[in-house]
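Report on the structure given below.
Numbering of residues begins at 1 and proceeds along the displayed sequence.
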Amino acid sequence: MAAVGVTRSYEIRTYGCQMNVHDSERLSGLLEDAGYVRAPKGADGADVVVFNTCAVRENADNRLYGNLGQLAPQKAARPGMQIAVGGCLAQKDRDTIVKKAPWVDVVFGTHNIGKLPVLLERARVLEEAQVEIAESLEAFPSTLPTRRESAYAAWVSISVGCNNTCTFCIVPALRGKEKDRRPGDILAEIEALVAEGVSEITLLGQNVNAYGSDIGDREAFSKLLRACGGIEGLERVRFTSPHPRDFTDDVIAAMAETPNVMPQLHMPLQSGSDTVLKAMRRSYRQERYLGIIEKVRAAMPDAAISTDIIVGFPGETDEDFEQTLHTVRASRFAQAFTFQYSKRPGTPAADMADQIPKAVVQERYERLAALQEEISWEENKKQVGRTLEVLVAEGEGRKDDATRRLSGRAPDNRLVHFTRPDEPVRPGDMVTVEITYAAPHHLLAEGPTRAVRRTRAGDAWEKRTAAPAERPKGVLLGLPTVGAPAPSPDPAPACGRD
């Protein structure tokens, strides 16, 4: 490969779910492997701007075209600047993006993110837009180079796509049917990450606990969790997002019996009404959902359970909404991500009769949010007096500098702000603290830190932040080899919460 000889900068703007965030890490890795360098924060523009889009929300396209419009004059004034659009919206609107925004250089889909560098180069040489949308997965994302956002925590994708047909969700149409990775490949990636200093991994999939359906093993997910327990140096394992339909007793047992699988569960409810769940084509009912919650709490009494809820789905009556409130009261969620229903173009629900008036949806949303706020606060107050080991995080506490505190995550993923200890502590290290105060969305440990445990993850963070970035020699022509290792100085973070 020959080099252009000029170092080009890039910026990636990510919208949507954890899968998109993980894909953006891959896009960063691909670009850096091809010789690009990340544009510094606050820089006056980048040579290449990549939009990794989401199509879950009704106004996703308006947001994209608004941002593209803002870049048009900048591109006109900056010779050689390129704009690329990928992700779910690109997969859906492949034929219209360049028509609406002819200054876009590259459009690529969810199945062929590995083609971005070569498409950019082709667009530069041919001086015309390159639109390439694959209809099926070309390479599993985790085989591509990566530039992970964290030195101590990482996403690990175990499957892509979804076999469900929820009427409000467009993801299966854009990411396809579920495809599972081989367990050995997943474990090999985790072991490599741990060797680089990562101490926490999150297993990722559109329907993560359906893992195994593509390889013919109904207990594959629980086996994978148990196998993670045997990886030395891996301190914390999480996963997102599961589906109640596939949440089986063997998974609960694996969670409870595997020490490094954290006592935390994010399980979307969407609605507490059986009628609405049927209209959503969700293959469980309220009784089944509450039964899972009961079993999880019996096996892991300290587990923090969070959820997603949609308010105002077409046809939702006052009684239906009351059933959702009842389920929330019974479930005692530590946290709930609540959404007002919005039409997803291309989904069956978008064309359903009995769309709920905005004012009604807003009133229900506010009532649900107020109830959950009360429950979250009550559940957090139960943590006061407990001694917890907290994984020190980077960027979790926006007021840390002003308050002389640091922040991190408890085993159950609750956010903890704690008094800065006298001895140095780094993101990735572990601190032991006593909780002294609870707010609805965080905990405080205002007393002295009980203990500081310096970790290999903290070493990895320190090495990453101390090492000067190697200056690329130039942008390489062509596509990096699929499966090539991540750039060595910097390896080391479901869709739409549906």
Side-chain angles (χ1 to χ4, degrees), residues 148-156 190-202 228-238 258-264 300 302-304 334-335 379-439 441-468 489-493:
R148 296 187 184 271
E149 293 301 314
S150 171
Y152 54 87
W155 305 106
V156 175
I190 296 172
E191 288 170 349
L193 289 167
V194 172
E196 293 165 357
V198 169
S199 63
E200 176 179 300
I201 61 103
T202 301
C228 287
I231 297 177
E232 187 176 353
L234 179 58
E235 299 206 28
R236 294 186 171 188
V237 178
R238 306 187 191 277
T258 309
N260 63 357
V261 175
M262 294 294 96
Q264 177 230 341
M300 295 171 286
D302 294 330
Q335 188 177 18
E379 292 300 306
N380 276 0
K381 287 176 181 177
K382 295 177 182 178
Q383 305 298 310
V384 173
R386 293 190 64 193
T387 299
L388 303 174
E389 188 170 54
V390 174
L391 173 62
V392 182
E394 184 175 29
E396 290 273 24
R398 291 175 295 176
K399 299 179 181 178
D400 282 351
D401 288 339
T403 59
R404 295 289 300 165
R405 294 187 183 122
L406 295 175
S407 300
R409 293 284 172 174
D412 64 9
N413 210 38
R414 283 182 166 94
L415 177 63
V416 179
H417 303 301
F418 58 93
T419 301
R420 193 184 298 266
D422 294 332
E423 60 186 289
V425 62
R426 309 157 301 177
D429 287 339
M430 295 284 191
V431 297
T432 302
V433 298
E434 180 181 340
I435 304 303
T436 58
Y437 175 81
H441 305 292
H442 67 266
L443 304 173
L444 286 181
E446 299 168 298
T449 301
R450 297 283 185 88
V452 173
R453 178 162 63 88
R454 292 174 71 84
T455 66
R456 292 173 60 252
D459 295 342
W461 178 88
E462 190 170 40
K463 180 180 178 182
R464 171 187 277 201
T465 54
D490 255 351

Do [X] and [Y] have side-chain heavy atoms sitting under 4.5 Å apart?
{"X": "E462", "Y": "R454", "answer": "yes"}
{"X": "D459", "Y": "R426", "answer": "yes"}
{"X": "L234", "Y": "I201", "answer": "yes"}
{"X": "V194", "Y": "R456", "answer": "yes"}
{"X": "E394", "Y": "Y152", "answer": "yes"}

To the nearest 0.5 Å, tell me how far [X] [atom1] sits from [Y] [atom2].
{"X": "T387", "Y": "R450", "atom1": "OG1", "atom2": "CZ", "value": "4.5 Å"}
{"X": "H442", "Y": "H417", "atom1": "NE2", "atom2": "NE2", "value": "4.5 Å"}
{"X": "N413", "Y": "Q335", "atom1": "CG", "atom2": "CD", "value": "8.0 Å"}
{"X": "E423", "Y": "D429", "atom1": "CD", "atom2": "CG", "value": "9.0 Å"}
{"X": "I435", "Y": "F418", "atom1": "CD1", "atom2": "CZ", "value": "10.0 Å"}
{"X": "D412", "Y": "M262", "atom1": "CG", "atom2": "CE", "value": "10.0 Å"}

Where do [X] and [Y] come nearest, in terms of heavy atoms and distance?
{"X": "A445", "Y": "E434", "answer": "CB-O, 3.2 Å"}
{"X": "E196", "Y": "A460", "answer": "O-CB, 3.5 Å"}
{"X": "G229", "Y": "N260", "answer": "CA-OD1, 3.3 Å"}
{"X": "L391", "Y": "S199", "answer": "CD1-OG, 4.2 Å"}
{"X": "I190", "Y": "C228", "answer": "CD1-SG, 3.8 Å"}
{"X": "A438", "Y": "L443", "answer": "CB-CD2, 3.8 Å"}

Would you call R453-E235 a salt bridge at under 4.0 Å N-O?
-> yes
Positive for side chain to side chain contact (heavy atoms under 4.5 Å, CB included) with T449, one of V431, D422, L406, T432 | V431
Judged by atom type as modelled, is there a donor-acceptor pair below 3.5 Å linking the side chain of T455 to the main-chain atoms of G428?
->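 Present.
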